[in-house]
Each structure stands twice: as structure tokens, then as C-alpha cells.
*Asks:* 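Sharing a structure below in C-alpha cells format, with a few things to ask.
The shown structure was predicted, so the numbers you read here are calculated from the model rather than taken from an experiment. Labels below follow one simple rule: chain letters A, B, ... track the order of the sequence lines, proteins then strands, and each chain is numbered from 1.
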Number of protein chains: 2
Amino acid sequence: MDTKSQIIEVATSLFQQKGFKGVGLNEILKTCNISKGSFYHHFPNGKEEALIACLKAISEKVTTDIEYFFNTYPTTEEATQAMIDKLIEFEREGTIAGSTFISIISDMGSLSDTVRNVCIDIYKKMRVIYSNKLEAEGFSKEDARSIAVTMMATFEGAIMLCLTLKSSDPLKTISYVLPTLFKKAE
Amino acid sequence: MDTKSQIIEVATSLFQQKGFKGVGLNEILKTCNISKGSFYHHFPNGKEEALIACLKAISEKVTTDIEYFFNTYPTTEEATQAMIDKLIEFEREGTIAGSTFISIISDMGSLSDTVRNVCIDIYKKMRVIYSNKLEAEGFSKEDARSIAVTMMATFEGAIMLCLTLKSSDPLKTISYVLPTLFKKAE
DNA sequence: GTCTATATCTAGATAGAC
DNA sequence: GTCTATCTAGATATAGAC
């Protein structure tokens, strides 16, 4: 693999585990076995430029992953269930941090517009996937959007709780409760 | 106010805004208008010792605040609604970060046992308040606990989304959707 | 495109005067 | 209990050889 891709891959993983400020440049370089000169050749504007590249990579990946589940399973409830099962598996493997993007930037104080825009983009893409399926299941456009946003908040919050508690219990719990949101009221 | 209390107050606010690693000691000192000597007199073990004190202060505060809402309003739905209204007000004022504790420690990489235990304590206290009310409304012990955990995840996630998007929309949305969880199925 | 060497700054922490 | 001065290690970033 070329160096730039390797940097992005390694940095993404580290940022997800420790946050942007929590990861030193040297740690990235050491893991990649490269030097500062090489890093700054690919990212002349330094660490934040690498962060943007990482967030874009995450955006691609989470969109693809979520779309896979929502294309494979016929209902929101089943797709969600399968997603949570996968997340619980990640928790067991110690790679659950790779499934959240907010924790990366929560230590940045104030976000630059560039970084925030990438985050807004990820947020939108996820919401649209959830929302479309819910609309297809008969919810109004407004309700579908609201449930989609709530799903995202619950997922992000549950992942953060799992990371803090070192346990997959929060994910197991929400998988039991979340389907309540997908039942159409009569 | 005595210096130690002032440090805790200032540091708590800064940690909530920028995360543990996101806040430099110098920033705390400058905001308090004190020197390193004074800081290390009160917290000989440094920044992490201050963090523990902050987390304990947060634990007191959030417990008191949530209990107020859950004692004042007769139902979970009304208490939750009032809480979210308050959070939306905080968002407008730019102080919404003060309502989350997970974002503080999400950039710490690996948590020390001391820090994690304080977090588990906060998590438990919040869950118990929610859970008790839900039980009183007729939910089983297990269901009440599950809904309580889901509420916490959704709140934390929504606050993180608000911080990232610089908008109170996620909170407004969940206030519309969350009541679905409190309706007893027949 | 990658290296070594270095510059500059700031982090957290300590020592000792008052 | 608070100050100033200082230490050391780490951070990000740069310069120039190969």
C-alpha cells in the first residue's frame, strides 16, 4: 500500500481510539514506520490536514457499512438488529471505537469550518439512509427524519457508554428498546 | 471562594468544553489567575487528580439537577420534556457542554481505574433516577432499566451531536421522539 | 519520496523563596 | 498558601541532504 493510504489508515484508527489531541504525530509515524519528512510531504498542512483525510475515509466507510445492512435486511428493525450485533462483536474485539466519529473531534475545542463540514456531511449521509428506509415503511417524511436522528444519537451515545464502561451492555440494551421507535402508532 | 473550589469550577467547565487532553494546565491557571505552585499545592498529583475532583463535582450536580426534574414533574414524559427544554436553553447560551460527562474523558485513550469508577458511579446514579420513575409508572424492573439506559445513551448522543453541529436541532428532535419509549405497550 | 537533524514551542511537573 | 524560576519531555513543524 502507498504511504499516504497507510498514514490515513493508521491515523484513523488512532484518532478513533484516543481523539485528535490524544494522538501525537510521533505515534502515527512510529506505527507507520515512516519519518516526519515523509509525513509532511503527503500532508504539508500537518496533523489537521491528515484528520480531514481520515474523516473523509470514515465517511466513506460508515456509509458503505450502513448501506450494506439496510440493503441486505428488509426492515429497519432487522437492519438495526444486525448492525448492533456487529457493534457488539467489535466491542468484544476491542475495536468498537472505530464505529464512532464524534469522539474523534470531541477534544478539539472549537472546530475549524472544514472539519465541521465533513462531520455534518457524515451526519447527513447516515441520516438519509435511515430516513429513506423508514419512509419506505410508511412513516411520514418528518417522522422518518426525526426517528433517524434519534437513532443516530442513541447509537453514538451507546457506543460512548460502551467505551467508558468497557462493556457491551449499553448496546445490548438499546437493541432491545430501539424497535419501539420503528413501530407505527395506529 | 477558596482557590481549590475555584480550580474545580473552572477546570470542570474547560474539560467539558474541550476534553481532558484538550485543556492545558496553563489555560486553567490563567483563567483562575493563579500560579502553578498554588495548583500543585491543592492537587499534588497534578491534572488527573483535578479531573477526578471535577468528575465528582459533576456527579453531584447532574444527580441533583435530574432529581429536581423527576421530583417536580409527575411523569417521565413531562420530566424529560422539561429537561430537554433546559438543555436547549443551555445550547442557546453556549453552555450545553456542561451537561455531558462522557465527552470529557473520551479523549483519554485508556482510562485509569479511578477515573472509570467515578464515571460508572455517575452512570449508575442517573440510571437509577430514571429507572425508579419508570417502575413507578408500571414498567417491570428489567424494562425500566433498559429504557433508562436507552434514555441516557440518547441524551448523551444528542448533546454530542448538538456540540458538533452547533445546533439544538438534535435535542428538539429527540424530545419529539423519546416519549414513544415511555408508552406502555398493551 | 523519504531520510536525518534541528528549531521552536508548550506540555506537565518541581524546587525553593516568601 | 502562593509566588517565580526552572526542568524535562513531548508536541508540531521545518530545512536540506539523498
*Asks:* Does a side-chain heavy-atom distance below 4.5 Å link B:Lys86 with B:Phe69?
*Replies:*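 A side-chain contact under 4.5 Å exists here.
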*Asks:* Measure from CG on B:Leu29 to P on C:dG12 and round the result to the nearest Å.
*Replies:*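 To the nearest whole Å, that distance equals 9 Å.
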*Asks:* Under 3.5 Å, is there a donor-acceptor pair linking the side chains of A:Thr12 and A:Gln16?
*Replies:*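 A:Gln16 and A:Thr12 do not have a side-chain donor-acceptor pair below 3.5 Å.
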*Asks:* Please tell me which of A:Phe20 and A:Gly37 maps to the more 5' nucleotide of DNA chain D, matching each residue to the nucleotide holding its nearest heavy atom.
*Replies:*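 It is A:Phe20, whose closest nucleotide lies nearer the 5' terminus.
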*Asks:* Please confirm whether A:Lys21 makes a cation-pi placement over B:Phe20, using NZ or CZ under 6.0 Å from the six-membered ring centre and within 45° of the ring normal.
*Replies:*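 Judged by the rule, A:Lys21 and B:Phe20 form no cation-pi pair.
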*Asks:* When you measure from the side-chain N and O atoms of B:Thr3 to the phosphate of D:dT2, is any distance below 4.0 Å, counting only OP1 and OP2?
*Replies:*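 Yes, because at least one side-chain N or O of B:Thr3 sits under 4.0 Å from OP1 or OP2 of D:dT2.
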*Asks:* Can a side chain N or O of B:Lys36 be found less than 4.0 Å away from OP1 or OP2 on C:dA13?
*Replies:*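 Checking C:dA13 against B:Lys36, no side-chain N or O comes under 4.0 Å of OP1 or OP2.
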*Asks:* Round to a whole Å and report the spacing from CE of A:Met108 to C1' of D:dA11.
*Replies:*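 Checked: the CE to C1' distance equals 15 Å.
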*Asks:* Between A:His41 and C:dG1, does any side-chain N or O lie under 4.0 Å from OP1 or OP2?
*Replies:*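 So the side-chain polar atoms of A:His41 do come within 4.0 Å of the phosphate oxygens OP1 or OP2 of C:dG1, strictly under.
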*Asks:* When you compare the side chains of B:Gln17 and B:Ser13, does any donor N or O come within less than 3.5 Å of an acceptor on the partner?
*Replies:*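 Present: a donor and an acceptor within the cut-off.
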*Asks:* Between P on D:dA11 and NZ on A:Lys21, what's the gap in Å once rounded to a whole number?
*Replies:*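 A:Lys21 atom NZ is separated from D:dA11 atom P by 14 Å.
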*Asks:* From CG of A:Asn26 over to P of D:dT14, roughly how many Å is that when rounded to an integer?
*Replies:*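 Going from A:Asn26 (CG) to D:dT14 (P), I get 15 Å.
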*Asks:* Separation of B:Lys47 atom NZ from C:dT10 atom C1', in whole Å?
*Replies:*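 Going from NZ in B:Lys47 over to C1' in C:dT10 covers 12 Å.
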*Asks:* Tell me: NZ of A:Lys18 to C1' of D:dA11, nearest whole Å?
*Replies:*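 Rounded to whole Å, this separation is 14 Å.
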*Asks:* Take the protein atom CD of A:Glu49 and the nucleotide atom P of D:dT14, then report the distance between them rounded to whole Å.
*Replies:*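 Checked: the CD to P distance equals 12 Å.
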*Asks:* Figure out the CG/C1' separation between B:Leu25 and C:dA13, and round it to whole Å.
*Replies:*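 These atoms are roughly 8 Å apart.
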*Asks:* Under 4.0 Å from OP1 or OP2 of C:dT2: is there any side-chain N or O of A:His42 that close?
*Replies:*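 Affirmative; the distance criterion is met.
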